[in-house]
Amino acid sequence: MNSLALSDEILMAVDKPARYIGNEINMVVKDVDKVDIRYAMCFPDVYEIGMSYLGIQILYDMFNKREDTYCERVYSPWPDLDKIMREQDIRLFTLETQTPVKEMDFLGITIQYEMCYTNILQVIDLSGIPLMAKDRTKEDPIVIGGGPCVFNPEPIADFFDIFYIGEGEKSYNQLLDLYKKYKYSDITRSEFLHEAAKIPGIYVPSLYKPVYKDDGTIERIDRLYDDIPEKVKKVIVTDFNEVPYPTKPVVPYLRATQDRVVLEVMRGCIRGCRFCQAGMIYRPTRQKNVKLVEKYAEEALKNTGYEEISLSSLSTSDYQELPELMNFLFDKFNNDHVNISLPSLRIDAFSLDVMKKVQDIKKVSLTFASEAGTERLRKVINKGLTEEVILEGARKAFIGGWNKVKLYFMMGLPTETLDDVAGIGELCEKISELYFETVPKEERNGSIQITASAAYFVPKPFTPFQWAPMFRRSIYVEHAHHAKDTIRNMKNKKRIKFAYHDEDISLIEGIYARGDRKLSKVILDVYKAGGIFDAWNEYFSMERYNEAFSKEGIDPEWYIYRERPIDEVFPWSVIDAGVSDNFLKNEWKKAKEGIPSPNCRMQCQGCGAASFGGGVCFESQS
């Protein structure tokens, strides 16, 4: 094992020192003298959260299968260690070899959530890498970002050399091969970036310049060279069965958020919820062959020692081979007491038989993502759930033995009224009443417990709601209080718990989600004022943000409270996510009229994803 970058004294002084020592089960070990490329893969949050992210495990496995590449991991140091590293001038290091990140060839950062932007600066800064991409030389790593947030990377564009748009299995090998030529030649950094910009899915922000109108909106986005694309189209794998998958994932020392074997059964979603960015940017839906998934399950359980399997997708119940897979998992692993976790199930797709089997293995809360309290608003957001279907799903769950229900909602959705908000409590009450009607008193295992939570709706790029304004803070709070008051007046109020998300964090998320490059100064100011771990309530400071907006002369309300004109050029217009403008505009129009759209398997809506040549768009031809 390599000597640790931190002394025993430091490790004993910080919370959970196991976050920083590496050497976990299945960690890849290579001879650093025999590789050409060293890649630091970063999740800009605490270790336990980063270790739960499947995307890093996939890329970690894929990169390390290359003989010329060593992929190592790095996470954001918790504030206690962050303070010590600054005081003692300790550089951020990788877990595998405890090597300073500054000495790596790449620093790859996965960007899952806008509120980690200050943590990105923390990682770059603690690594000793210049924060601004324009200040870096050939001696510095290439800083590259990927993940859902790069579908509008503009607020953080000044800090990155490259953004990877799409799925990593597609173009990374081409990029790494190009880098190797650059590393062992006299090619300059700028020449390398120019060539990299010609690779499918590679966006080099320094080669594109937004031109602004007097009103602050964008007139156009100019490219600096004619031989790079006007728009960078995302890249995806069309044959989902041919991509590598990690069956020996790294097993953390600490209990991670997702402490189990994760099996990815499908990418994309057929449903078309108008608020859901993932459902749009990961189109088209592609499924993995059930025999492959079964093989991965056996291998991963053997290689990790885990006792739980979770099926991963945006909508697991839409996986067409789910019944066969579930029967295999139950038959194969039931005697080994392996738990089966089924996230992302739709309430209208529950199988009573499957539910009972899961119940026999592990009794957990049942989670329903209702999203809106009324059927009217569910049509606006294209959720596709009627109250009748929701209640029937709940009834089946109660018959199956559940008595704990979690309900997820959003508030501040386009066209939302106080009646829609009151519908949250009314739906909870109907579900609780249904429990008592369905389950005889002598068969009840305790009473019904309903936990409802509401998030502040944030419009995201490449969704039909990208033109929508956010509700003002005061209106959001009014709606939240109205929901609470409605529940207080319910007969079963003691059995219903309701909570709503912090409005300040959601407002900043909304600013970043649809922001432009002007916001980089705000992010930098907040970071320099001590802002890190902004996604964590205990570390977030709205005061820091207000001071930064004021200092930079930026009106945050301009980004979130105005409805965008239908022809506005967005900061992310340089990106092509594979869904057409016409499709999104039509869905926005239908939302305002309360008209739902059928899912992809019922009727094609011509979203544009067929251009990739695979997935659900061609199922009828196979």
Chemist: Identify, with sequence neighbours excluded, every residue that meets side-chain contact (heavy atoms from CB on, under 4.5 Å) alongside W558.
Modeler: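 T217, D555, R562.
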
Chemist: Flag the pair Q605 / P598 as yes when at least one side-chain heavy-atom distance between them is below 4.5 Å, and no otherwise.
Modeler: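 A side-chain contact under 4.5 Å exists here.
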
Chemist: Under 6.0 Å from the ring centre and within 45 degrees of the ring axis: does the NZ or CZ of K484 meet both conditions for the six-membered ring of F498?
Modeler: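 Relative to the ring axis of F498, which defines the angle, K484 lies outside at least one limit.
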
Chemist: Residues two or more places apart in sequence or in another chain: which of them pass side chain to side chain donor-acceptor pair (under 3.5 Å) with E563?
Modeler: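 Once residues adjacent in sequence are excluded, the partners of E563 under the side chain to side chain donor-acceptor pair (under 3.5 Å) criterion are K592.
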
Chemist: Side-chain donor-acceptor pair under 3.5 Å between Y559 and D516, yes or no?
Modeler: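 D516 and Y559 do have a side-chain donor-acceptor pair below 3.5 Å.
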
Chemist: For K590, check side chain to side chain donor-acceptor pair (under 3.5 Å) against everything at least two apart and list the hits.
Modeler: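 Testing K590 for side chain to side chain donor-acceptor pair (under 3.5 Å), a comparison that skips the adjacent residues, returns S597.
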
Chemist: Which pairs of donor and acceptor atoms, one on a side chain in residues 275-283, lie under 3.5 Å apart (sequence neighbours left out)?
Modeler:
| unit_1 | atom_1 | unit_2 | atom_2 | d |
| --- | --- | --- | --- | --- |
| Q277 | NE2 | P461 | O | 3.3 |
| R283 | NE | G279 | O | 3.1 |

Chemist: Would you check, one step at a time, whether the test salt bridge (charged side-chain N to carboxylate O under 4.0 Å, His left out) holds for E167 with R267?
Modeler: CA-CA 10 Å; E167 296 172 352; R267 284 186 189 170; 3.2 Å; yes

Chemist: Mark yes or no: K288 above the aromatic ring of Y319, with NZ or CZ under 6.0 Å from the six-membered ring centre and no more than 45 degrees from the axis.
Modeler: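 No, K288 does not lie over the aromatic ring of Y319.
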
Chemist: Taking side chain as C-beta onward, heavy atoms only, is I221 less than 4.5 Å from E230?
Modeler: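 No, every pair of side-chain atoms sits at 4.5 Å or beyond.
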
Chemist: Please enumerate all residues that pass side chain to side chain donor-acceptor pair (under 3.5 Å) together with K460, with sequence neighbours excluded.
Modeler: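 Once residues adjacent in sequence are excluded, the partners of K460 under the side chain to side chain donor-acceptor pair (under 3.5 Å) criterion are E114, E509.
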
Chemist: Quick one: which residue pairs count as a side chain to side chain donor-acceptor pair (under 3.5 Å) with a foot in residues 448-457, not counting sequence neighbours?
Modeler: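 Non-adjacent pairs meeting side chain to side chain donor-acceptor pair (under 3.5 Å): zero.
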
